[in-house]
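The structure displayed is predicted, hence computed values, not measured ones. Every chain is numbered from 1 and lettered A, B, ... according to where its sequence line falls, protein lines coming before strand lines.
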Amino acid sequence: MSQLAFSTLAQLSAEGGDTLVAQNIFFSIIAIIMVFSAIRVVTTKNVVHAALHLVLVLAGVAAIYILLTAEFIAVTQVLVYIGAIVVLLLFGIMLTEARLGEDQNLNNNYRLPAVITAVALLAVMSFALWDQFDDQKLPEPLFDGADDPALVEYALENEPGLFDELDPQDDNYDDQVAEIIEARASLFNGVQDTEEVSDTIFSTYIIPFEAISVLLLAALIGAIVLARKE
Amino acid sequence: MLLNQFLLLAAILFCIGVYGVIARRNAVMVLMSVELILNAVNINLVAFGQLHDVTFGHVFALFVIAVAAAEVGVGLALVIMIYRNKRSVDLDQVDLMKG
């Protein structure tokens with residue numbers, strides 16, 4: 001292995017890796033779609049359109065989770081919200097007011113107080129957020145994927161124990177190092193992957209997890225008891 | 001990426017949801033607005049988890065999703081029962097407990 005080439009590449013990736021232009025453009029597009037759809041959810045006169053706009057907002061939230069490198073939450077969001085909750089809400093619409101066109105009777109007389117409350121709340125919250133977090137940055141991945149040469153160098157320097165069993169004279173040494181690093185890339189990158197989330201749920205948070213399952217069961221039985229005919 | 005861009009987006013969603021809860025008269029629409037609010041909170045949880053590089057932000061987001069599912073189930077059962085009894089889901093007419 002040529003150490004010189006590695007360090008040059010490490011410098012290059014350190015210089016070019018802090019802009020994340022693509023992510024910011026992606027975020028802006030998603031944010032605009034989400035805010036527009038959310039406003040449509042609360043203002044449209046057609047109940048079914050509101051539910052369909054809600055799907056857009058929920059999909060946008062899933063995309064935001066992916067931007068935040070929380071893939072498992074994103075998949076859960078799509079499964080639970082778009083797959084189940086929106087379908088439930090549509091069932092609710094169909095089983096109650098089956099009025100599929102425009103409905104003039106969806107809003108009450110508190111629209112002005114509601115606007116004032118929402119805008120005041122937004123003003124207070126944005127002031128507090130700017131005041132507290134100003135331009136604080138989220139931590140970014142240190143390396144550019146598992147085949148980033150800088151990652152190999154970093155791993156050899158900081159986790160030498162990982163490579164103890166390998167023989168540096170072996171012809172496949174580089175390949176074996178790359179294999180080990182690929183299996184542990186998320187560890188070096190400081191990204192929480194699904195494995196870590198599941199470990200946390202089933203060790204530290206096992207009791208809240210069991211409580212949640214009992215809560216779901218209770219909610220299910222409660223819903224059946226409430227909704228069945230006498 | 002800035003932390004604030006996520007938090008501000010969540011704040012905007014939250015306020016739109018609050019507007020919907022106050023201004024909507026149809027019970028199903030109020031439930032939809034509550035979903036907006038819960039999603040805003042979830043974005044915050046995941047963003048802060050990412051900021052401090054900890055896992056329990058994600059774990060609590062998952063718990064919130066589970067609780068939201070339970071809430072919608074019970075909520076819709078209530079709405080359907082109200083509709084069966086009053087032939088309407090207008091929340092202004094549900095004033096049985098008014099003193």
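Although no hydrogens or angles enter the test, the distance criterion places a donor-acceptor pair under 3.5 Å between the side chain of B/Tyr83 and the main chain of A/Thr96. Judged purely by atom type and a 3.5 angstrom limit, B/Asn4 uses its side chain to pair as donor or acceptor with the backbone of A/Asp134. Between the side chain of A/Arg111 and the main chain of B/Arg24, no donor-acceptor pair closer than 3.5 Å is present.
Contact annotation for A/Val57: only side-chain heavy atoms (C-beta onward) come within less than 4.5 Å of a heavy atom of chain B. With a threshold of 4.5 angstrom between heavy atoms, A/Ala84 does not approach chain B through any atom at all. Both the backbone and the side chain of A/Val115 come within contact range of chain B, each with at least one heavy atom under 4.5 Å from a heavy atom of that chain. Only the side chain of A/Leu58 comes within less than 4.5 Å of a heavy atom of chain B; its backbone N, CA, C and O stay farther away. Both the backbone and the side chain of A/Ser126 come within contact range of chain B, each with at least one heavy atom under 4.5 Å from a heavy atom of that chain.
Residues B/Leu51 and A/Lys137 are not in side-chain contact: their nearest non-hydrogen atoms beyond the backbone lie 4.5 Å or more apart. B/Ile65 is listed as a side-chain neighbour of A/Tyr81, based on a closest heavy-atom distance under 4.5 Å. Residues A/Leu226 and B/Val74 form a side-chain contact, since some pair of their non-hydrogen atoms from C-beta on lies under 4.5 Å apart. Between A/Leu122 and B/Phe14, the closest side-chain pair of non-hydrogen atoms is not below 4.5 Å. Residues B/Asn42 and A/Ile73 have side chains not in contact (no heavy-atom distance under 4.5 Å, counting atoms from C-beta outward).
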Worked verdict on A/Phe27 versus B/Phe6 for ring pair (Phe, Tyr, Trp, His ring centres under 6.0 Å):
CA-CA 9 Å; A/Phe27 175 87; B/Phe6 293 101; 4.9 Å; yes

Could you give me the CA-CA distance, side-chain angles and deciding distance for B/Phe48 and A/Phe133, then say whether ring pair (Phe, Tyr, Trp, His ring centres under 6.0 Å) is met?
CA-CA 11 Å; B/Phe48 278 117; A/Phe133 298 110; 5.4 Å; yes

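Here B/Phe60 and A/Tyr205 bring their ring centres to under 6.0 angstrom of each other.
A side chain to side chain contact (heavy atoms under 4.5 Å, CB included) with A/Ile85 is found for exactly one of B/Val72, B/Leu38, B/Leu31, namely B/Val72.
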